[in-house]
Undergrad: 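Before we start, here is the structure in question, set down as structure tokens.
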Amino acid sequence: MTVPKGVSPSTVSVELSERSYDIHIEAGALDRAGDLLAPYAARGRFIVITDRNIVPNQLYRLESSLTAAAIASAVEVLPAGEATKSWTMLEKLTDALLAYGVERNDTIIALGGGVIGDLVGFAASILKRGCRFVQIPTTLLAQVDSSVGGKTAINSKAGKNLIGAFYQPVHVLIDPTTLDTLPQRELRAGYAEVVKYGLIDDPAFFAWCEDHGGKLLAGDRAARTHAITTSVQAKARIVGEDERETSGRRALLNLGHTFGHALEAETGFSDRLLHGEAVAAGMALAFRFSAMQGLCPPEDALRVTAHITAAGLPSSLRDAGISADGKTLVAHMMHDKKMEGGQLPFLLARGIGQTFLDKKVDLAKVEAFLNGERAQA
Ligand code: NAD
Ligand code: GLY
């Protein structure tokens, strides 16, 4: 793994034997994508999948760089938004790719946020029993989390991300300048996943976030690049240790997600509460619950809550617009795909940077805790 220096280009490797790949991080990389991705252009072409919001903002940069490198491209533009991670869109996309005559060694480029990355990755995993794909993530959430690690999925009537596969990209190209056109609310939601890496096992990075998070959100390029690189290094390390979430190591990445899932379910997985916003509130709840159980110093829970609030993210049920009681929220948690043999694993903390998996949490205590949180609203 190359240790990043300042904002110069850096490469982080995901070490997975024959499925290993590099993540290239560089401001302006999108304008050099033709050169950087040329080794993956079978038959001198790419098929690019993106969404409508990315067309006016970023697609032209990719197309210009491919043209400059004499690489042909076909482009399929899908609607933006979570509803695109559906059977209907998967069918539309796979039909379009087959109509383009996609072959197994063709490379499909996913240019967009987590929605495009998850859908295209899943389509690539099933087309011709597996085509190559490259991730070019354009949201902060996708740059620090979803583009790395090979989780691909669509949603079903029964819930989010229930139909999918572990399928790794052949390369990830991250250009922090693509964030310049990202709406501020989406940027903040992605920042929750940045903070998550500090809370899991890197207290020094959490302290860096406290000092530099404001600059990052305001547009500071060096801060953005540092946060992306540090996050990607952490994710690459964890995925390299536990690709399929079997040892419990990768499960640490779900910090805040069990509480967050209940909030997302309560708001109908809608724009009322973005995934990253739910994770932010979920992390604050996980730390306060840990403190209440005597596991974590209360001052650490206060620090987490204060930073999430300072970043303009929800840190409580009230902030997240939730009025449901503990029983209702725990019932939502029971539908989480992380349920194992009737038990729900929780990510709790012994302090900042000391997250651990607890598979024996008493749900009655969670319910009482959430009722207490609700009473403060
Ligand atoms: P998203 O893909 O819906 O993007 C958010 C919005 O920003 C969309 O409207 C999009 O069109 C727009 N957009 C994207 N890039 C832009 C840019 N540069 N400029 C202007 N607009 C831009 O949402 P997301 O937050 O990136 O991803 C959420 C999805 O990621 C969820 O479906 C979630 O389940 C999934 N996810 C997957 C993983 C994983 O490991 N695979 C991890 C976390 C989340
Ligand atoms: N976002 C959680 C994971 O990739 O495992």
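Atoms within a ligand are numbered from 1 in the order they appear, just like the ligands themselves. The basis for the numbers below is simple: all heavy atoms, side chains too, and nothing from hydrogens, waters or symmetry mates.
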Undergrad: Hey, are K160 and D118 close enough for a salt bridge, meaning a charged N less than 4.0 Å from a carboxylate O?
TA: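 Looking at K160 and D118, the cut-off is not met.
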Undergrad: Taking atom 1 (N) of ligand 2 as the point of reference, which of N161, D145, V239 owns the nearest heavy atom?
TA: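 Closest candidate by heavy-atom distance is D145.
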Undergrad: With a 3.5 Å cut-off and no angle check, do the side chains of S65 and D31 form a donor-acceptor pair?
TA: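 No - no donor-acceptor pair under 3.5 Å links their side chains.
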Undergrad: Check whether any N or O atom of V115, backbone or side chain, sits under 3.5 Å from an N or O atom of ligand 1, and answer yes or no.
TA: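 Yes - when backbone and side-chain N and O of V115 are compared with those of ligand 1, one distance drops under 3.5 Å.
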Undergrad: Are I109 and I49 side-chain neighbours, meaning at least one heavy-atom pair lies under 4.5 Å?
TA: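 They are not in side-chain contact.
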Undergrad: Counting only heavy atoms, which portion of I54 has something under 4.0 Å from ligand 1: side chain, backbone, both, or neither?
TA: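 I54 to ligand 1: side-chain contact only, backbone stays beyond 4.0 Å.
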Undergrad: What I want to know is whether R250 and ligand 2 share at least one N or O pair that is separated by under 3.5 angstrom.
TA: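 Yes: some nitrogen or oxygen of R250 is under 3.5 Å from one in ligand 2.
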Undergrad: Side chains of D180 and T177: is there a donor and an acceptor less than 3.5 Å apart?
TA: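 There is no such pair (donor and acceptor under 3.5 Å, judged by atom type) between the side chains of D180 and T177.
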Undergrad: Do R32 and D175 meet the salt-bridge criterion of a basic N to acidic O distance under 4.0 Å?
TA: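 A salt bridge is absent here (no side-chain N lies under 4.0 Å from a carboxylate O).
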Undergrad: Can a side-chain donor-acceptor contact be found between Q143 and T178 if the only test is distance below 3.5 angstrom?
TA: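 Yes, because at least one side-chain N or O of T178 sits under 3.5 Å from a partner of the opposite role on Q143.
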Undergrad: Give the atom numbers and elements of ligand 1 that come within less than 4.0 Å of a heavy atom of E82.
TA: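 Once the distances to E82 are compared, the set is 31 (C), 32 (O).
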Undergrad: Quick one: does ligand 1 sit under 4.0 Å from the side chain of K151, the backbone, both or neither, non-hydrogen atoms only?
TA: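 The answer is both, backbone and side chain.
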Undergrad: Using heavy-atom distances only, which candidate in G149, G117, S146 approaches atom 39 (C) of ligand 1 most closely?
TA: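 Minimum heavy-atom distance to atom 39 (C) of ligand 1 goes to S146.
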Undergrad: Under 4.0 Å, heavy atoms only, figure out whether ligand 1 is touched by the backbone of T152, its side chain, both or neither.
TA: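 For T152, there is no contact with ligand 1 at all, from either part.
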Undergrad: Give yes or no for whether the N/O distance cutoff of 3.5 Å, strictly under, is met between K196 and ligand 2.
TA: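 No.
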Undergrad: Does ligand 1 have a heavy atom under 4.0 Å from the side chain of L179, from its backbone, from both, or from neither?
TA: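 No part of L179 is near ligand 1 at this cut-off.
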Undergrad: I need the nearest protein heavy-atom contact for atom 18 (N) of ligand 1: residue, atom name and distance, please.
TA: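 Sorting protein heavy atoms by distance from atom 18 (N) of ligand 1 puts T178 O, 2.9 Å first.
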Undergrad: In the protein, which heavy atom is nearest to atom 14 (C) of ligand 1, and how far is it?
TA: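 Answer for atom 14 (C) of ligand 1: T139 CG2, 3.3 Å.
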Undergrad: Check each heavy atom of R185 against ligand 1 and say whether those closer than 4.0 Å belong to the side chain, the backbone, both or neither.
TA: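 Looking at R185 and ligand 1, no heavy atom falls under 4.0 Å.
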Undergrad: Would you say the side chains of N155 and E82 form a donor-acceptor pair under 3.5 Å?
TA: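 A donor-acceptor contact under 3.5 Å links the two side chains.
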Undergrad: Which residue from K151, H257, K235 reaches closest to atom 4 (O) of ligand 2 through any of its heavy atoms?
TA: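 Considering heavy atoms of K151, H257, K235, the nearest to atom 4 (O) of ligand 2 sits in K235.
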Undergrad: Identify the protein heavy atom lying closest to atom 23 (O) of ligand 1, giving its residue, its atom name and the separation to 0.1 Å.
TA: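 Result for atom 23 (O) of ligand 1: G114 N, 4.1 Å.
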Undergrad: Report the member of K160, Q143, E186 with the shortest heavy-atom distance to atom 5 (C) of ligand 1.
TA: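 Going through K160, Q143, E186 one by one, E186 has the nearest heavy atom to atom 5 (C) of ligand 1.
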Undergrad: Determine whether the side chains of H24 and E26 contain a donor N or O and an acceptor N or O closer than 3.5 Å.
TA: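 Indeed, the side chains of H24 and E26 share at least one donor-acceptor pair under 3.5 Å.
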Undergrad: Closer than 4.0 Å to some heavy atom of L253 - which atoms of ligand 2 meet that?
TA: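 Atoms satisfying the 4.0 Å criterion: 2 (C), 3 (C), 5 (O).
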Undergrad: So which protein heavy atom does atom 20 (C) of ligand 1 come closest to, and at what separation?
TA: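 Nearest neighbour among protein heavy atoms for atom 20 (C) of ligand 1, to 0.1 Å: T181 O, 3.1 Å.
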Undergrad: Which residue and atom name correspond to the protein heavy atom nearest atom 10 (C) of ligand 1, and how close is it?
TA: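 Going by distance alone, atom 10 (C) of ligand 1 is nearest to D51 OD2, 3.4 Å.
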Undergrad: Any carboxylate oxygen within less than 4.0 angstrom of a Lys/Arg side-chain nitrogen, looking at E241 and R250?
TA: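 No, this pair does not count.
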Undergrad: In plain terms, say whether R318 and E373 are close enough for a salt bridge, that is, a side-chain N and a carboxylate O under 4.0 Å apart.
TA: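 No salt bridge links R318 with E373.
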Undergrad: For ligand 1, which is the ligand I care about here, please tell me if H275 has any N or O atom under 3.5 Å from one of the ligand's N or O atoms.
TA: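 Not met; the criterion fails.
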Undergrad: Determine, for E277 against R185, whether the closest basic-nitrogen to carboxylate-oxygen distance falls under 4.0 angstrom.
TA: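 Salt bridge present between E277 and R185.
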Undergrad: Classify the side-chain pair T328/E266 by whether it contains a donor and acceptor separated by less than 3.5 Å.
TA: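 No, E266 and T328 have no side-chain donor paired with an acceptor closer than 3.5 Å.
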Undergrad: Report the residue from D106, I108, V170 that forms a side-chain contact (heavy atoms from CB on, under 4.5 Å) with Y40.
TA: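 Of D106, I108, V170, side-chain contact (heavy atoms from CB on, under 4.5 Å) with Y40 is met by V170 alone.
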Undergrad: Where's the contact between R52 and ligand 1, heavy-atom distance under 4.0 Å: side chain, backbone, both or neither?
TA: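 Contact part for R52 vs ligand 1: neither.
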Undergrad: Side chain, backbone, both or neither: which applies to N57 and ligand 1 if a contact is any heavy-atom pair less than 4.0 Å apart?
TA: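 Side chain only; the backbone of N57 stays clear of ligand 1.
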Undergrad: Give the numbers and elements of all ligand 1 atoms closer than 4.0 Å to a heavy atom of N161.
TA: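 The atoms of ligand 1 under 4.0 Å from a heavy atom of N161 are 34 (O).
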Undergrad: Please write down residue, atom name and distance for the protein heavy atom closest to atom 22 (C) of ligand 1.
TA: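 Heavy-atom neighbour on the protein nearest atom 22 (C) of ligand 1: L182 CD1, 3.6 Å.
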Undergrad: Which of the numbered atoms in ligand 1 are under 4.0 angstrom from any heavy atom belonging to K235?
TA: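 Answer for ligand 1: 40 (O).
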Undergrad: Of the choices D145, L111, N53, which has the non-hydrogen atom that lies closest to atom 8 (C) of ligand 1?
TA: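 Nearest option to atom 8 (C) of ligand 1, by heavy atoms: N53.
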Undergrad: Show which atoms of ligand 1 fall inside a sub-4.0 Å distance from at least one heavy-atom site of K85.
TA: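 Matching atoms, with element in brackets: 31 (C), 32 (O), 33 (C), 34 (O), 35 (C).
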Undergrad: I'd like to know if the side chain of R45 pairs up with that of S73 as donor and acceptor (distance under 3.5 Å, no hydrogens or angles considered).
TA: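 On atom types as modelled, these side chains do not qualify, holding no pair under 3.5 Å.
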Undergrad: If the threshold is 4.0 Å, N to carboxylate O, is there a salt bridge linking D145 and K196?
TA: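 Judged by the 4.0 Å cut-off on N to carboxylate O distance, D145 and K196 do form a salt bridge.
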Undergrad: Regarding D242 and T246, is there a side-chain donor-to-acceptor distance under 3.5 Å anywhere?
TA: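 Looking only at side-chain atoms, T246 and D242 do form a donor-acceptor pair, the distance falling under 3.5 Å.
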